[in-house]
Amino acid sequence: MARGARRAPAALLSLGPVLSWAPGCTALTVAAVLQAGSPPAGPARHAEARTVSALVFDQGECSVCAFHGRAAPRLFIGGRDDGLGNNVAAIIYGMAFARKTGMSFGGVIGGGNVAHGLKVGRIVSDVFGLQKDHLYKKIIPMPAVKVKNLTQLEDLRFNQNVSGDVWLATSLPQGGIEAPRTVDDFLDDEFLQALRAQLLPRLANQKPIAAIRHGRGPVVAMHVRRGDVSAVSYPDRYTKNEFYYELAGRIRAQLPGAEVHVWSETGRSSVPRSFDGFRDRNITVHLDTDVLQAWSHMAQAQVLVMAKSSFSFISAIMNRGCVVCQPWLTRPLKSFTVTALHDRTMPTIADEELSACLARAEPRIA
């Protein structure tokens, strides 16, 4: 028996044949699962665990989950009960933290429920191309070490040399990235390449941007956050239509033949006629569309103008072209072109910065 492993009860041993053929998963031996052992003093082991999961993502199912192979210890994160963008962003950062600390991503503990009328768990699983019951867990696998933030996780992995599974007990992993470190330390080129390879080809195949194109020119996608925000409701998340009108005109001046599309939603603060100003400027408006369709088309666009929204961020990190970002809570990648805040609702962008961004607006699909 491997050092640090404990003898498995007969009931656990009987699970081996069942787990070994789980679709889309690779089974670890019971001994390997139990080898996490008792953690050292410091972060507490989760005492309420009542089950053992021997399922681990492999490269064929989720390459971005398994940078270090199927034998690596797994990192689990807490689930969220809010919107889709926040849920997907948290999982992406969980995957990035796992890679950075020599682990594989194990899944999400809790969460994945209905939010804003949407079945979050099903949609999020579809985004990653994974089975919902493999991505989301009801109970933390055991034995596992519990940590609360990135600092504890890195200390555990690099200083205490713990080799078993870890539960990062937060639903906001990125909140642990403290200055002077940036999100690019984790969402670096190697990680983004793997993430895009996992997500974008399948989304582009299911929701091709050709379905909405009018011609051969570059596609400019704009996310206009409405529905839940307005000049009086969450004004810090609101951007005037005039910002998008002006920016669309400047982009068209530099990219002749560009077609501009807007994605938004109706709700308390907006009705279909609220978007007539966009239509009057020959901008195609997509309202209340399928979530995967919106993410896929905005990710495939040659230019993406984000809203102050984590929903925008998901398409933005998949997009390989020009991404214009408005300052908000979501921290941008260094490759994003960030607008200046002329005021809270009418940001601005310098001509030279816009030109440099648009120079990256080449036709790019998956």
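- Atom CG of Asp343 is separated from atom OG1 of Thr348 by 9.0 Å, given to the nearest 0.5 angstrom.
- A side-chain N or O of Arg226 and one of Asn241 form a donor-acceptor pair less than 3.5 Å apart.
- Rounding to the nearest 0.5 Å gives a distance of 15.5 Å between NZ of Lys100 and CE of Met103.
- Within the cation-pi definition used here (under 6.0 Å to the ring centroid, within 45° of the axis), Arg281 qualifies as a partner of Tyr245.
- Under the 4.5 Å side-chain criterion, counting only non-hydrogen atoms from C-beta, Met306 is not in contact with Phe311.
- Between Val166 and Pro73, every side-chain heavy-atom pair lies at or beyond the 4.5 Å cut-off.
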Residue pair Gln254, Ser355: steps toward the side chain to side chain donor-acceptor pair (under 3.5 Å) verdict: CA-CA 8 Å; Gln254 295 196 42; Ser355 296; 3.0 Å; yes

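- Salt-bridge annotation for Glu178 and Arg331: absent, with no side-chain N of the basic residue lying under 4.0 Å from a carboxylate O of the acidic one.
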Test log, rule side-chain contact (heavy atoms from CB on, under 4.5 Å), inputs Ile92 and Leu187: CA-CA 9 Å; Ile92 288 172; Leu187 306 183; 4.0 Å; yes

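- Of the listed residues (Arg279, Glu259, His214), just one forms a side chain to side chain donor-acceptor pair (under 3.5 Å) with Thr284, and that residue is His214.
- Between Arg181 and Asp184, no side-chain nitrogen of the basic residue sits less than 4.0 Å from a carboxylate oxygen of the acidic one, so the salt-bridge criterion is not met.
- Within a 6.0 Å radius of CD in Gln206, other residues, nucleotides and ligands contribute more than 12 heavy atoms.
- Of all heavy-atom pairs spanning Phe186 and Phe191, the tightest one is O-CB, 3.7 Å.
- When atom types are taken as modelled, the side chain of Asp185 and the backbone of Thr182 share a donor-acceptor pair closer than 3.5 angstrom.
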Please evaluate residues His286 and His261 with respect to the criterion ring-ring contact (aromatic ring centres under 6.0 Å, His included), reporting the C-alpha separation (whole Å), side-chain torsions for both, the decisive distance (0.1 Å), and the verdict. CA-CA 7 Å; His286 306 269; His261 295 251; 5.1 Å; yes

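- Residues Ala258 and Val220 approach most closely at CB-CG2, 4.1 Å, considering heavy atoms.
- With respect to Arg99 and Glu190, a salt bridge is recorded, a charged nitrogen being found less than 4.0 Å from a carboxylate O.
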Let me see the working for Thr339 and Leu247 under side-chain contact (heavy atoms from CB on, under 4.5 Å), right down to the final yes or no. CA-CA 11 Å; Thr339 63; Leu247 188 54; 5.9 Å; no

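- No more than 12 heavy atoms of other residues, nucleotides or ligands lie within 6.0 Å of OH in Tyr234, so this atom counts as exposed by the packing criterion.
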Apply the test side-chain contact (heavy atoms from CB on, under 4.5 Å) to residues Val64 and Arg196: give CA-CA distance (whole Å), side-chain angles for both, the deciding distance (0.1 Å), then the verdict. CA-CA 9 Å; Val64 76; Arg196 290 163 180 164; over 6 Å; no

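- When atom types are taken as modelled, the side chain of Ser104 and the backbone of Gly69 share a donor-acceptor pair closer than 3.5 angstrom.
- Of the possible donor and acceptor atoms, none in the side chain of Arg237 sits under 3.5 Å from a partner among the backbone N and O of Val229.
- For CG of Asp280, the number of neighbouring non-hydrogen atoms (other residues, nucleotides, ligands) closer than 6.0 Å is greater than 12.
- No side-chain heavy atom of Trp295 sits under 4.5 Å from any side-chain heavy atom of Leu199.
- Glu154 contributes atom CD, which lies 9.5 Å from atom CG of Asn159 (distance to the nearest 0.5 angstrom).
- Side-chain contact, Gln326 with Thr239: a donor N or O sits under 3.5 Å from an acceptor N or O.
- Contact between Gly94 and Leu75 at its shortest, heavy atoms only, is O-CD2, 3.6 Å.
- For the pair Trp328 (side chain) and Ala307 (backbone), a donor-acceptor distance under 3.5 Å is absent.
- The backbone N or O of Lys207 lies less than 3.5 Å from a partner atom in the side chain of Ser296, making a donor-acceptor pair.
- Distance alone, capped at 3.5 Å, places no donor-acceptor pair between the Glu353 side chain and the Ile349 backbone.
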Using the side-chain contact (heavy atoms from CB on, under 4.5 Å) rule, take Lys148 and Thr170 through it: C-alpha gap first, then chi angles, then the decisive distance, then the call. CA-CA 6 Å; Lys148 295 181 179 180; Thr170 175; over 6 Å; no

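- With contacts defined as side-chain heavy-atom distances shorter than 4.5 Å, the pair Val108/Ile91 qualifies.
- Phe275 places none of its side-chain heavy atoms less than 4.5 Å from the side chain of Ile283.
- When ring centroids are compared, Phe105 and Phe97 stay outside the 6.0 Å threshold.
- Under the 3.5 Å distance criterion, the side-chain polar atoms of Asp165 are matched with a main-chain donor or acceptor of Arg74.
- With sequence neighbours excluded, the residues that form a side-chain hydrogen bond (donor to acceptor under 3.5 Å, both in side chains) with His223 are Ser312.
- Here Lys138 contributes atom NZ and Ile109 contributes atom CD1; the two are 12.5 Å apart, rounded to the nearest 0.5 Å.
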Report the C-alpha separation of Gln131 and Ser125 in whole Å, then their side-chain angles, then the decisive distance to 0.1 Å, and conclude whether the side chain to side chain donor-acceptor pair (under 3.5 Å) test is met. CA-CA 6 Å; Gln131 300 174 58; Ser125 299; over 6 Å; no

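- Judged by distance alone, with hydrogens and angles left aside, the side-chain atoms of Gln302 form no donor-acceptor pair with the main-chain N or O of Gly217 at under 3.5 Å.
- The minimum heavy-atom distance linking Asn86 with Ser310 is given by the pair OD1-OG, 3.1 Å.
- A donor-acceptor pair under 3.5 Å is formed between the side chain of Arg202 and the backbone N or O of Asp126.
- Using modelled atom types, one side-chain atom of Asn87 and one backbone atom of Asp82 make a donor-acceptor pair closer than 3.5 Å.
- Look at Asp236 and Lys308 and you find no salt bridge, because none of the NZ, NE, NH1 or NH2 atoms lies under 4.0 Å from a carboxylate O.
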